[in-house]
Number of protein chains: 2
Amino acid sequence: MTMVRNTRQRQAVLQALRTTRTHPDAAWIHQEVRRELPSLSLGTVYRTLDALVRDGVAVTIERAGQATRYDFRRDDHHHHAVCRTCGAIFDIEVQELPNLPRTLLPGGFQVSDVRLEVHGVCVACQNKPNH
Amino acid sequence: MTMVRNTRQRQAVLQALRTTRTHPDAAWIHQEVRRELPSLSLGTVYRTLDALVRDGVAVTIERAGQATRYDFRRDDHHHHAVCRTCGAIFDIEVQELPNLPRTLLPGGFQVSDVRLEVHGVCVACQNKPNH
DNA sequence: CTACTTGCAAAGATTTTGCACCTCA
DNA sequence: TGAGGTGCAAAATCTTTGCAAGTAG
């Protein structure tokens, strides 16, 4: 039986993720946790974050060619708006989703995460020169 | 004023995307279109797909470390269920979304795409040995 | 003890980009 | 003709992985 250990590295990564609202990526978390645990490797950060996602403790916002952003999963029903120009991520509250898709899913599909992502361009980027 | 040209390459990429329901990635489209246009480069496929996405003609399903999958945007309101084990993508019909988020978005956010993504494990993968 | 975890570095994979050469309009 | 587009190959990123050494339980 496989056993999950509670290492210092995992505690620290979880702690870092939990105490920020900035939807950080792996590199940011790596830098952050390194202030306390200088030997922490980026590989371990990735492995830990993967585990957190598998366990439903964290969710991801993924964009091709961009670093995956991680978000600690809180009990609120929030989703994300993503600026496709600068990559900024905004939290948006959406209560109505939960019961929508179930009946329409392919038979037997085991749901672990329902994401609503609004993609577009944020105000700041609309006001930039070449938009 | 910038001018968009209607090249053979772009026609072929759009055609390939339009006539499949398999949510292909850039490499698949590249291979496919090459049967007609052997000189087509993968770089051009990426550039063309990017343009289609920017114009709202195609949408993407993006996963970290996996090739981006592209979907021709039809008039129906369909979204996607994504198996996190094998990467299979299933279409799901969802009608109720459109009017949800507007008021909750960050001020002035210009929406180009609202995606509902259901992530989980498909039946086939649940029945695999080491699940 | 010993199975799991880490650090390190290299490998993998995807996507982007610079540049010289084409080509659509 | 000329602003865009293409092909090619290299570069840039991000993420995963193999392995020897460390460590939680």
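All figures in this text were calculated on a predicted structure; none of them were measured in a lab. So you know, we letter chains A, B, ... as the sequences are listed, proteins then strands, and number each from 1.
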Less than 4.0 angstrom from a charged side-chain N to a carboxylate O is my criterion; do B:Glu117 and B:Arg63 meet it?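 No, no charged N to carboxylate O under 4.0 Å.
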Return the nearest nucleotide to the side chain of [X]; candidates are [options].
X: A:Tyr46; options: C:dT5, D:dC14, D:dG5; value: D:dC14
X: B:Ala67; options: C:dT14, D:dT15, D:dG7; value: C:dT14
X: B:Ser39; options: D:dC8, D:dG7, C:dT15; value: D:dG7

Between [atom2] on [N] and [atom1] on [X], what's the gap in Å once rounded to a whole number?
X: B:Arg10; N: D:dG7; atom1: CZ; atom2: C1'; value: 14 Å
X: A:Arg8; N: D:dT23; atom1: CZ; atom2: C1'; value: 10 Å
X: B:Asn6; N: D:dA3; atom1: CG; atom2: C1'; value: 16 Å
X: B:Leu37; N: D:dC8; atom1: CG; atom2: P; value: 11 Å
X: A:Asp50; N: D:dC14; atom1: CG; atom2: P; value: 16 Å
X: A:Arg63; N: C:dT14; atom1: CZ; atom2: P; value: 19 Å
X: B:Leu49; N: D:dG5; atom1: CG; atom2: P; value: 15 Å
X: A:Gln11; N: D:dT23; atom1: CD; atom2: P; value: 15 Å

Answer yes if B:Leu52 and B:Tyr46 sit in the same cluster of Ile, Leu, Val, Met, Phe, Trp and Tyr residues linked by side chain heavy atoms under 4.5 Å apart, and no otherwise. yes
Just N and O in the side chain of A:Thr68: are any of them under 4.0 Å from OP1 or OP2 of D:dC14?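 For A:Thr68, the contact criterion (side-chain N or O under 4.0 Å from OP1 or OP2 of D:dC14) is not met.
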At less than 4.0 Å, is any side-chain N or O atom of A:Thr44 found next to OP1 or OP2 of C:dG7? Yes or no.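 True: A:Thr44 side-chain N/O within range (under 4.0 Å) of C:dG7 OP1/OP2.
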Below 6.0 angstrom between ring centroids: does that apply to B:His78 and B:His80? yes
For B:Arg47, report the nucleic acid contact type (base, sugar-phosphate, nothing); a contact means any heavy atom under 4.0 Å.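 Here B:Arg47 touches the bases of the nucleic acid.
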Taking atom types as modelled and ignoring hydrogens, do the side chains of B:Arg69 and B:Thr60 form a donor-acceptor contact shorter than 3.5 angstrom?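 Side-chain D/A pair, B:Arg69 to B:Thr60: absent.
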Return yes if a side-chain donor-acceptor contact under 3.5 Å exists between B:Arg34 and B:His30, otherwise no. yes
5' precedence on DNA chain D between B:Gly65 and B:Gln9 (nearest-nucleotide basis): B:Gln9
Quick check: on DNA chain D, is the nucleotide nearest A:Gly43 upstream (toward 5') of the one nearest B:Leu40, or the reverse? Name the residue that is more 5'. B:Leu40
Base of D:dG4, side chain of B:Arg5 - is there a donor-acceptor contact under 3.5 Å?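 Pair found.
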